[in-house]
Every structure is written in structure tokens, then in C-alpha cells.
Amino acid sequence: MSPMNPLVQVVLDDIAQQVATRMDLEVAEVRSLLEVPRESGRGDFALPCFPFARVMRRAPQQIAEEIATAFEPGPIIQSCQATGPFVNFTLDPAERARRVLGAIHSGGDDFGSQDIGSGKTVVLDYSSPNIAKPFHVGHLRSTVIGAALIRVYRSLGYQTIGVNHLGDWGTQFGHMMAAYSREDWKDPEREASDPIPFYRELYARFNLEIERDAGLAEEGRNWFRRLEEGDQEARELWKKFHDVSMIEFDRIYRKLGVTFDHFTGESFYNDKMDRVVEEARSREVAVESEGALVISVGDHVPPVMLLKSNGTTTYHTRDLAAAMYRQETFDFEMLLYVVGEEQRLHFQQLFHALERMGFEWAARCRHVGFGRYPNISSRGQGGKRFVGLDEILDEAIRRAKEKASENSDIEDASGVAEVVGIGAVIFNDLKNNRKKDVDFDPEDWNTILEFRGDTGPYVQYSHARTASIIRKHGAPVSTRIDYQLLTTPEDRTLVSLLESYPGRLAMAGQEVEPSLVTRYLLDLTKALSHYYHKHKVLVEDPPLRAARILLIDCARQVIANGLKILGVAAPERM
RNA sequence: GCGCCUGUAGCUCAGUGGAUAGAGCAUCGGACUUCUAAUCCGAGGGUCGGAGGUUCGAAUCCUCCCAGGCGUGCCA
């Protein structure tokens with residue numbers, strides 16, 4: 001059953017109780033059938049009567065009639081009527097508005113917060129870029145989705161721990177070092193001015209060379225072995241790549257407003273690998289195979305490799321060590337890996353290996369996969385263009401600036417352009433089901449940088465416009481209003497949407513799906529725009545004006561809260 | 001070959017068992033001396049990839065097939 005707003009919960013429980021008692025039905029069954037009609041104008045809640053037809057041996061239409069007749073409306077549930085095989089329940093709109101708007105007004109920035117996760121810890125592994133490689137658009141997804149999920153779970157009352165599992169270990173570093181130490185590839189000037197692109201090119205060049213010269217791969221593996229063994233020269237090189245990268249990452253995270261509780265990358269587990277191997281051996285799940293040490297995890301899944309034939313560890317070994325460390329350190333309720341969908345198999349293997357090692361908490365680990373930017377290369381290969389994150393953010397900000405200069409004369413136009421541009425990028429990334437690939441044509445920035453329609457700037461604009469009306473109202477927002485004045489269809493639609501925010505947030509947590517919040521904000525914003533078209537807020541009549549001000553201030557509050565979850569700024573002016 | 005993901009309007013996507021399948025973009029037509037036009041209003045546009053099945057009821061659940069993407073032991 002989907003989580004729901006407590007305000008709704010109480011009403012639905014009441015309806016189910018009464019219907020079940022009067023018709024001699026199971027309360028739970030009635031309760032589970034109650035739904036919100038897709039179309040407005042059919043009442044606030046509906047009960048389809050088809051399932052009762054068989055047991056009661058009557059037509060569903062007739063049963064609906066009987067229920068509607070037997071049901072006694074109360075102070076909140078105003079009316080109840082049969083429409084064909086459905087019973088439609090309508091709440092007293094004024095009473096409903098009073099409750100919903102009251103809760104939002106008093107809740108403020110905390111409206112939507114819940115306690116369903118209290119006492120539980122959720123660990124999120126997200127962003128996790130590779131050191132010595134540039135932060136490209138692909139990393140944006142993990143960063144933005146992970147950061148949004150952290151805020152979702154925090155709102156739901158969980159203790160959250162954000163971990164950046166930096167890709168700072170592995171044979172790739174052997175490759176980097178092998179490439180870096182080639183005398184004929186050195187370029188000190190370039191390295192000083194443009195280190196990250198320089199390293200990226202070295203790495204790409206090395207990977208191309210490998211295809212022609214198999215000896216290079218061996219050279220790379222040997223460098224990594226030296227690193228794992230603590231060789232001085234290897235450690236120093238590693239440190240150089242690490243430090244340069246961290247400065248770069250820090251700059252990007254600041255721009256995106258993303259933070260982490262821990263930067264424990266793969267290298268952090270270097271001294272925790274032996275234990276993994278020992279545990280696997282002592283639990284008799286590790287076996288020798290083709291010179292390597294592996295854990296087999298089923299017929300349809302390739303085995304998990306703990307040690308390669310040259311004795312070095314793998315991605316799996318480090319992930320096993322990390323999972324064990326996190327369990328011991330954080331005692332998590334959930335461990336979520338926000339990593340690309342293409343690594344589905346890797347995590348399947350990882351979780352199976354944990355199970356085979358006898359860890360019951362393996363069932364609490366989950367891979368939160370997401371789609372890619374299919375037209376973008378991470379290395380600039382394969383005829384695809386490399387697109388850096390900075391390139392996108394800069395273009396977004398430039399466009400926002402251009403747009404702003406067309407209309408407004410506000411102060412701090414460049415500050416606004418920055419939050420709008422970055423907001424557009426983040427919102428776009430979180431707009432659809434995370435498993436879907438992001439539609440992006442590198443030749444056509446409009447695919448991801450549109451500012452009209454279903455976009456971040458549209459929601460931000462709506463927020464700014466609402467804030468502007470409230471500013472012009474010029475008096476404090478009060479809940480001491482006549483709620484009978486908020487009962488037009490547009491009022492009721494808005495109230496109903498506002499009421500559903502906490503439920504949608506809980507659903508986003510349950511489904512591990514930030515797009516539920518994004519979609520909700522678009523629905524709410526569209527309803528609000530429609531409201532402005534239909535009703536003027538700053539009318540002469542003081543009671544009506546006060547009532548509408550409260551309503552739109554609540555809408556503004558919920559938009560602000562939702563945008564905050566997504567990591568998108570809610571500007572007061574734009 | 002096997003495994004996973006995706007398939008809904010021209011395009012990009014919502015819709016995870018209920019009433020007439022919805023948005024944005026694009027196209028066409030309309031609204032700025034009126035609380036911000038980054039907006040709003042209206043129109044056209046659909047064999048929900050295909051075929052079976054379960055159900056009172058299927059875009060939604062099951063089976064098979066088709067198409068695209070990703071992955072498939074010594075990169076991570």
C-alpha cells in the first residue's frame with residue numbers, strides 16, 4: 001500500500017470503517033479499494049464496487065447505491081453518492097482547506113517532514129567520480145540523484161550518511177602511472193596549466209596503445225601492484241593525482257550545492273582487503289580458479305573475483321570491504337548504491353557474495369541504477385563528443401542570463417541567472433524515471449537546457465511570481481480567514497494537491513525515485529498558474545484577498561520545500 | 001548464447017489493476033495600458049511494440065515473440 005498523508009489517512013480510515021460496518025464487509029478490503037479519482041469533479045475519494053458483486057450477488061451499481069444510501073455524512077465527509085458502480089465521497093472543502101493550509105502554515109519549511117525513518121540509518125553511496133579523470137555529465141546523475149535522495153530520507157526522519165566512494169584505486173591507476181612515466185609523453189607546461197584534461201588524454205592515449213601493445217597492460221598492472229605494496233614512487237604519484245582531482249571536485253560540488261559526510265574512496269579500504277580474503281577463506285566460500293581467487297555465486301552469474309592471478313585485489317574486493325566496513329560502522333537499515341544501471345551485474349554479484357559469506361544484512365543493500373547520457377563519451381572516443389560538466393553549467397547560466405536581460409531589471413541578475421541555469425540542469429536530470437537514459441544531443445543544447453514548459457525555471461518562475469504577489473499584498477499571512485471562500489474548483493484542486501505532498505515525498509523514499517517529487521512540483525505549478533488565470537489574488541474585498549493570500553502562500557511554501565529536496569534554489573525574484 | 005533495462009501522440013516523457021490514456025515540445029489559432037508573457041487559453045494529433053493469458057475490469061499482472069540499449073572472470 002502506498003504511503004499517504006496522515007490527513008487523508010484519517011478520513012479514509014473513517015470511510016472504510018463506516019462502509020464496512022454498515023455493509024458487513026472487511027474493513028481492510030474496503031480501505032484498500034479506496035482511491036483518488038483521476039478526474040476531478042467526481043468527488044475527492046472513490047470506492048469501486050466491482051469486487052463486492054460476487055460475494056453479495058448483486059450488480060455493482062446496486063451495491064454502490066446501497067452504500068451511498070447507508071452512509072452517514074459527517075462534519076468532514078460532506079456527501080456521498082453513487083455514480084454507476086462507484087461510490088464518490090466528497091469532503092467539506094472549507095474544512096479540508098482549513099486543515100491542510102493550517103498544517104502547511106504552521107509546518108513552514110518542515111511541512112512534509114515525517115518520522116517513518118526515525119531511529120534508522122540509511123547510507124547512500126553516490127557521485128563517486130574517478131580521480132585523475134574529469135567530472136563529466138555521467139557523474140552528474142549519480143551526484144544529483146544521490147543528493148536528492150539524501151534529502152528525501154532526511155525529511156522522512158532517517159539518519160542519513162552520504163558517502164563519496166571515490167574511484168581512487170585500481171589497475172586504472174597503474175595505467176595512469178605507466179602513461180605518466182613515459183618520457184616521450186611528458187609535457188610539464190600543459191600539466192601545470194591544465195592538469196585534468198592532460199591526465200585524461202594520457203589515460204585515453206594509453207588505452208588506445210594497449211590495443212596495439214599487450215605489454216603495456218602488464219606494465220600498468222605492475223604499477224598498480226607497486227601501489228598496493230606501498231612503493232614510495234607509486235604512492236607519491238597517486239597523491240599527486242588525488243590532490244589535483246580533489247580541488248576540482250570540491251569546486252564542482254560547491255556549484256551544485258552538494259555535500260558528503262565521508263570521502264572514503266576505494267583507497268580507504270586498502271588495509272581492509274586482507275580481512276575480506278580471510279573471511280571468505282575461513283567461511284569456505286573462496287576457491288582457486290585459473291590462478292585467481294573467486295567466490296562463485298550461481299550458475300547464471302560470473303564468479304566474484306577477490307584476487308587476480310597476480311595477487312592484486314579487484315573492484316569487488318574493495319566493494320566487499322566497503323560494505324562490511326559500513327555495516328560495522330553505521331549499522332544501516334539500508335545501503336543504497338547510486339551507480340549507473342550498466343553496473344547492475346556487478347552489484348548483483350556483490351550482494352550474492354555478501355550473502356554467501358553469511359551476512360544477513362546483504363538483503364538490506366540495494367543498487368539504485370540510472371540511465372546514461374547515451375550520446376556522450378566519457379573519454380572522447382567512438383566518434384562521440386566529450387562534454388564536461390562545466391561546459392553544460394556555463395552554457396545554462398549564459399542562457400539564463402540572456403533570458404533575464406530580455407525581461408527584467410532586477411538586482412543581482414547574475415546571481416539569479418546562476419541559480420536558474422544550474423536549477424535547469426539539475427531539474428532536467430531528475431525529471432524522469434531514473435532508469436531512463438537522458439535525452440541529450442550534444443549538437444542541440446535545447447534538449448536539456450529548455451527554460452519553458454516542464455522545466456526547473458518554470459517552477460522557479462512560479463515561485464518567484466507567487467512571492468511577488470505576497471510582497472505586494474504587504475501584510476502578514478494569516479490563517480484566520482473565512483475558509484468558505486476557498487471552495488471554487490481551482491481552490492479545491494490546489495488544496496488537494498498541497499495535501500498530497502507528504503505522501504508523494506514518502507513515496508519517493510519508498511520507490512527510491514526523486515522524479516516523483518519533480519513531477520509533483522510540475523503538477524502543483526501548473527495548477528497554480530491556472531489558478532492565477534482564473535482568480536485574481538489582490539482583490540479589493542479584504543476577506544477574499546486574505547483567503548487567497550493564505551492559499552498561494554501555502555503553495556509557495558510547498559514549492560520551496562520540494563525544490564529544496566531536489567537541490568534547486570527557489571528564487572524570490574526572477 | 002545468457003542476463004538486465006527500455007518500448008505510450010511527430011519528438012521527449014507521465015500514467016505501477018478501475019470511470020472518456022494525460023503533459024511538455026513541435027504545428028496551427030488566440031491573450032501583455034490587467035497580481036511577473038521564463039506565463040496563460042484553445043485546436044488538431046493514439047492499433048499504449050506484437051500475440052496470447054489471468055480478471056467483473058489490463059498501458060499497468062503472467063507467458064512467448066519483436067526492436068533498441070547495456071552487461072556478460074583478471075578495467076572500474
Side-chain angles (χ1 to χ4, degrees), chain A residues 2 33 35 37-39 42 46 48-51 53-54 59-60 83-86 88 128 130 133 167 169-175 207 210 217 220-221 224 266 289-292 294 296 299-305 307-310 312 314-316 318-319 339-346 348-349 369 371-372 374 400 403-404 406-408 410 420 424 431-433 435-439 446-447 450-462 464-473 511 515 519 522-523 526 529-530 532-539 545 548-549 552 573-574:
Chain A
S2 60
L33 284 168
E35 62 193 22
R38 193 187 304 224
E39 272 175 83
R42 290 189 183 276
C49 297
F50 308 100
R54 182 171 292 173
T83 313
F86 291 85
N88 294 122
S128 310
N130 293 317
K133 289 204 239 168
W169 209 245
T171 307
Q172 58 168 342
F173 277 89
H175 289 185
N207 280 306
I210 269 183
R221 278 198 290 273
F224 178 53
E266 293 184 273
S289 167
E290 296 171 34
V294 304
S296 77
D299 297 338
H300 293 73
V301 185
V304 171
M305 188 175 297
L307 294 176
K308 289 181 258 190
S309 45
N310 72 349
T312 56
T314 73
Y315 186 24
H316 277 125
R318 291 186 284 280
D319 267 359
V339 179
E341 192 60 33
E342 66 274 12
Q343 293 195 43
R344 172 67 55 189
L345 178 61
H346 165 73
Q348 196 185 340
Q349 290 175 287
R372 312 168 310 132
K403 190 77 199 167
E406 282 173 19
N407 334 337
S408 62
I410 55 169
V420 170
K431 189 162 76 170
N432 296 329
N433 181 328
K435 287 191 177 176
K436 281 222 158 79
D437 286 346
V438 178
D439 183 43
N446 289 326
T447 47
E450 190 56 58
F451 287 3
R452 304 173 306 151
D454 284 353
T455 65
Y458 172 62
V459 178
Q460 290 176 313
Y461 174 82
S462 180
R465 184 179 173 188
T466 308
S468 162
I469 295 172
I470 293 162
R471 269 197 308 275
K472 288 197 169 130
H473 173 58
E511 303 290 320
S515 71
R519 291 282 161 187
L522 288 170
D523 288 344
K526 274 180 234 181
S529 293
H530 183 67
Y532 290 140
H533 174 70
K534 222 48 185 204
H535 304 288
K536 188 174 162 72
V537 175
L538 299 177
V539 291
R545 176 169 166 147
R548 288 180 177 169
I549 282 288
I552 67 159
R573 301 164 202 267
M574 65 185 271

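Chain A is the first sequence line, chain B the second, and so forth, proteins listed ahead of strands; every chain is numbered from 1.
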Engineer: What is the ring orientation for A:Trp169 with A:Phe224, classed by angle as parallel under 30°, tilted 30 to 60°, or perpendicular over 60°?
Structural biologist: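 Rings of A:Trp169 and A:Phe224: perpendicular, over 60°.
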
Engineer: With both distances under 3.5 angstrom, what nucleotide forms a Watson-Crick or G-U wobble pair with B:U39?
Structural biologist: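 B:A31 is the nucleotide pairing with B:U39.
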
Engineer: Does any N or O donor sit under 3.5 Å from an N or O acceptor when you compare the side chain of A:Ser468 with the base of B:C35?
Structural biologist: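 Absent.
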
Engineer: What's the CD1-P distance between A:Ile210 and B:C75, to the nearest Å?
Structural biologist: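 Answer to the nearest Å: 9 Å.
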
Engineer: Which atoms of nucleotides 13-15 of chain B (N or O only) lie under 3.5 Å from a protein N or O atom, and what are those distances?
Structural biologist:
residue, atom, partner, partner atom, Å
B:C13, OP1, A:Asp437, O, 3.4
B:C13, O3', A:Asn432, OD1, 3.3
B:C13, O2', A:Asn432, OD1, 2.9
B:C13, O2', A:Arg519, NH2, 2.6
B:A14, OP1, A:Asn433, N, 2.8
B:A14, OP2, A:Lys436, NZ, 2.5

Engineer: Establish, with yes or no, whether the OP1 or OP2 oxygen of B:C70 is under 4.0 angstrom from a side-chain nitrogen or oxygen of A:Arg344.
Structural biologist: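 Negative; the distance criterion is not met.
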
Engineer: Give me the distance, rounded to whole Å, that separates B:U8 from B:A51 when you measure between the P atoms they each carry.
Structural biologist: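 Approximately 15 Å lies between the P atom of B:U8 and that of B:A51.
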
Engineer: Give a yes or no on whether a donor-acceptor pair under 3.5 Å exists between the nucleobase atoms of B:G73, that is its base, and the side chain of A:Ser289.
Structural biologist: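 Between B:G73 and A:Ser289, which were checked side chain against base, a qualifying N/O pair under 3.5 Å is present.
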
Engineer: When the distance from NE2 of A:His346 to C1' of B:G3 is rounded to whole Å, what number comes out?
Structural biologist: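 Rounded to whole Å, this separation is 16 Å.
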
Engineer: In whole angstrom, what separates A:Asp523's CG from B:G24's C1'?
Structural biologist: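 Roughly 12 Å, once rounded to whole Å.
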
Engineer: Once you round it to whole Å, what is the distance between C1' of B:C35 and CZ of A:Arg573?
Structural biologist: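 Going from A:Arg573 (CZ) to B:C35 (C1'), I get 14 Å.
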
Engineer: Could you tell me whether the phosphate oxygens of B:A76, OP1 or OP2, come under 4.0 Å of any side-chain nitrogen or oxygen in A:Thr171?
Structural biologist: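 For B:A76, OP1 or OP2 has a side-chain N or O of A:Thr171 closer than 4.0 Å.
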
Engineer: How many whole angstroms separate atom CZ of A:Phe451 from atom C1' of B:G24?
Structural biologist: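 Between C1' of B:G24 and CZ of A:Phe451: 16 Å.
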
Engineer: Under 4.0 Å from OP1 or OP2 of B:G18: is there any side-chain N or O of A:Arg42 that close?
Structural biologist: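 Checking B:G18 against A:Arg42, no side-chain N or O comes under 4.0 Å of OP1 or OP2.
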
Engineer: Mind calculating the distance between CG (A:Asn310) and C1' (B:C75) to the nearest angstrom?
Structural biologist: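 From A:Asn310 CG to B:C75 C1': 13 Å.
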
